[in-house]
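Notes follow once the structure below has been shown.
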Amino acid sequence: MSERDASGDVTRLLVQWREGREGALDRLLPLVYDQLRQVATRQLRRERPDHTLQPTALINELFLLLVRQRAASAENRAHFFALSARLMRRVLVDHARSRAAGKRGGGATKVTLDEDTDVVAGPGAGRALEVLAIDEALVRLAALDADQARIVELRFFAGLTVEETALVLDRSPRTIKREWRLAKAWLTRELAS
Amino acid sequence: MTDPRGALVGPGASDTARRERFARAKAIFCESVELPEAERDRVVAAACAGDEALRREVESLLRSDSQDATFLERPAAALLAAGERAPIAVPQLSPGARLGGYVVDSLLGTGGMGEVYLARDTRLRRRVAIKIVGNGQSGERADTALLREARHASVLSHPCICGVHEVGESEGRRFIVMEYVEGETLRAMVARRGPLPLADVLRQGGRIADALDHAHTRGVVHRDLKSANVMVSGEGDTKVLDFGLARWLPDAAARQASASFDTETLALAGTLDYMAPEVLLGGAADARSDIWSLGVLLHEMAEGAPPFRRGTPVDTVSAILKADPPPFRPGIAVGLRLVIRRCLSRKPARRYQCAADVRQALEALGRHGQARQRLVAGLAWAELRPRIVAIAAVALIAAVLLGTGAWLTSRSTSRAAAPMRALLVMPLASPPGEAGGEPPYFAEGLTEALIAEIGGTGIDRVISRTSAMAVVRGRKTPRVIAGELQVDGILDGTVNRTGDRVRLSVRLLKAATGQEVWSTSQERPASEAAALVASIAAAVAGGMNHPMSDEAARRLSAVRAVRPDVQEAYLKGRYEWNLRTEASLRRAIDYYESAVRMDPTYAPANAGLADCYNQLGTVMVGTGSPAGFRPMAAAAAIKALQVDSTLSEAHATLGYIRHYEWQWSESERAFKRAIQLNPSNALAHIWYANLLASLRRFPEALREVERGRELDPFSLVVNTNVGWTLSYAGRLDEAIAQYRKVLAIDPAYVQARLRLGDALQETGQFEAALAEFEEAARLTGGGFSSRTAIAGVYALMGRRKHAGALLDEILRDARGRYVSPSTVADVYEKLGLVDAAFDWLERAYAEHSNHMAYLAVEWHPGLKSDPRYAALMRRVGLE
């Protein structure tokens, strides 16, 4: 889907999502997902001296993408970040799935992140599995406390700092810090069993 | 029952119950987690208050908390990426390694494209900087970028641009050899020293601008100008680095192609702080986005931090896109502020269009030092207002903003200066004469004539007499007045009558400083007072450096002599007309008529007569049917124009008449001519605004009424008209505020009270409207307009019986007198008696009441849906 085709739809859906309309986010995700996937691919491929993906850079680029589609404004910051975090999570989990697919022998997804890379269990598979486990546990956490899940999405998947998370959620960094600890504690316990 | 993980999940426990338990556990956890262990246990126990399951849950969570501090701290993406690639790379080259004819010394740093080393050129025995790419497995893309950088940089040869010596290859590695600059980056310098002193900002800025200009004129855009890319050497040299992202100025085709999302540039560009809004939005970078970056740099140097940096990248981007002018600390030179703001204009077209202009502006600021800064600072209130530009600073601001480089000093008060655009004419004074002083009408009349004549020369803005008077009454100094009225020139003078000669002496002052710019004194026989005024007006235009049109010049020279007694009568009439009460209007008519009797060809008297009739025939004054007065007004106006077709007032009057005769295009033509003849004719503008509003051309109407307000800011009539226009345009809250402003100046101004009441009524504030109407009734001693308004609002409040009784009274009292039929129709409408309302509207139609012209915009909630209303509008010619 070309950028130009999608742009009007993205804007419209973002507005709907902002207004709290049912299903808007679900319709929105696939549209932006494709573009984000391309972005993520370029990031992963890039030959940077330290060779790590930089989530914040991904967020920046997503934001600029939205900006270019005239969809973002300062007031939507919280929504934007929530959207990005959700998207990042999807992208990365899918990526993790493709990484782990060999070992797990199933659960293949239709979309792979990096077309060139073989879907073979390698040294990365262990981490990939970890990410998958966290994702699943997060779903259970969200059922108990949506806010907790949001914090984890922002911090772990979107890679925001405590301060940035506090800014987005409009809470104090102290509160976020404590709640983050709780989320981690809960997830640790979940994963340990 | 708990499950092995300690969670409180029981069979049949609902989701809500589980969430509640979690919430309680969360609260206790958060309260206690940061406490020292002993206290923590105590707090937990207390909070759980005997609920064992809860306590176990919280403790289990606390135990998990202390286990692995690094869990989840690394973002998922990093986790995944780290699993796939090699860890952080060590520098590829160690000290002593050879690259062609160069020997590596040490690693200087890592840039977006690759590593940069300090090295020695063994052949030329100098130090150089060498930039290479990643890990020896250079991708094709990286190479192309590297070569591109080198190619661009190599065409640039400038003392402030880091030079490129060569591009080389050795053992599969490609590298660029550059000039080595020892020193610190501008970014580091500002971080270390804080905001730089003005001289440094100007010097560095000027050099960077020069470097940019050099590149731009060779077709190279930097694209990544930032403080980290500017080196300042120990000797004070400035070098701009890293034209590494530079592109050739894109042609149209390339711009098309690059319209898609370009991540490479974004990621490599790193900091967003310097990006121009149009680039963020996906546009191509060009010289003007470089100039934006330069503005950011200047701001960073002057303030200590870039203007749009915020807590998160997202906020930074928002700030850039909004591009509000950045605030400055007090003490920052105003001239510099102007330069920076212009660089940071959101629209590229509003910025400096080339870097050379920025350099010149900065140099100019540097040359003219402190005194000039103060002058500019004192005029800062005029900052960038497009229409009114204070003359003293025009030269400076022009040079700074337009970058003309042509420098005009303030010593030249002669023609070399830019023209004055706005003038305040102070009432001419007459020295206390032998006979106990001049009667007021003479000097006032001449002042008014002078204002009109000067306006007729086409000067942008001449403040009207009423506002000048208001200002004088306030006893402020001319300079303060000039500031309030936003004029650049003040004219004052005296009138001297001795025997049968008149002498007029005036001087023109620079508003901001009070300095005299020019003066003149002329004398003529009293009968030629009009010609005298015309001559002075022409001279004033000259003194303001205003070139007059041929038409204006011809008109001024054609002013003829007038009999003194005719003139006397005219001036008295003018004086009375300005008082605007019913009694004074009638007196004015007497004077004008006697002037006309004595000299039927004296055009101004005819024009004045027309105005008086018009005023009497309006609802505002409300003393007689317009049907009676308007023809007389028309006749007088036409006569005036037959004699002198260049009388702006007469054209305006005619426009007014035609408007209420429903001859829209003739009316518009007349107003336009009136304005063309004298752009400072405030009444022409507001009457024109009325026409436009009644035709629903609201933006134009608002512009015209605003123009009128600029010309006559203190006039009650004009300001009330502003409210009126706003009201028609549907901006009722603003209209209400406007009327209140008028009433604050003069609480006895009935028209504003009535209009305020109307607006309040329309917004449903009936009680408040009633209060206003009652006050108006009190002021007019029970005038019909007020009384019908009161009846109307009672009807709207639901007190229909009372309203009906009031109306009956009015109609009884009106027998034999004139009451405006549209006001009666109004009451019937509000009572819901639609047929009666339309009856009375027919009467209004028959007498061509002013009201009819506004049918398209007046508030008639009870009538508009009736087909008779549409029919009425059609008959009037409104559709």
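These numbers come from a predicted model, not from an experiment. Here is how names work: the chains are called A, B, and so on, in the same order as the sequence lines, proteins then strands, and each is numbered from 1.
- B:K26 NZ to A:D147 CG: the interatomic distance, rounded to the nearest 0.5 Å, is 5.0 Å.
- The shortest non-hydrogen separation linking B:S64 to A:A185 is CB-O, 3.3 Å.
- The contact between A:L187 and chain B is made by backbone and side chain atoms together, counting heavy-atom distances below 4.5 Å.
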Practice task
May I have the step-by-step check of side chain to side chain contact (heavy atoms under 4.5 Å, CB included) for A:L182 and B:F22, ending in yes or no?
Solution key: CA-CA 11 Å; A:L182 172 64; B:F22 183 84; 4.1 Å; yes

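- At a 4.5 Å heavy-atom cutoff, the contact between B:F29 and chain A is made by side-chain atoms alone.
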Handout entry: A:K184/B:D65 under side chain to side chain contact (heavy atoms under 4.5 Å, CB included): CA gap, chis, key distance, verdict
Key = CA-CA 7 Å; A:K184 284 201 294 180; B:D65 165 68; 6.0 Å; no

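- Across all their heavy atoms, B:L72 and A:W180 have their closest contact at O-CZ2, 3.6 Å.
- For a residue to count as touching a neighbouring chain, one of its non-hydrogen atoms must lie under 4.5 Å from one of that chain's; by this rule A:L154 does not touch chain B.
- At a threshold of 4.0 Å, the pair A:K177-B:E34 does not count as salt-bridged, since none of the basic side-chain nitrogens sits closer than that to a carboxylate oxygen.
- Between the CZ atom in A:R189 and the CD atom in B:E57 there is a gap of 4.0 Å [rounded to 0.5 Å].
- Within the 3.5 Å criterion, the main-chain N or O of A:A143 finds a donor-acceptor partner in the side chain of B:R19.
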Practice task
Output, in order, the C-alpha distance, side-chain angles, deciding distance and verdict of salt bridge (charged side-chain N to carboxylate O under 4.0 Å, His left out) for A:R178 and B:E31.
Solution key: CA-CA 8 Å; A:R178 293 184 195 169; B:E31 211 186 301; over 6 Å; no

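- Evaluation of the side-chain contact (heavy atoms from CB on, under 4.5 Å) rule for B:A276 yields B:E278, B:V279, B:S289, B:W292, B:R351 as partners, not counting sequence neighbours.
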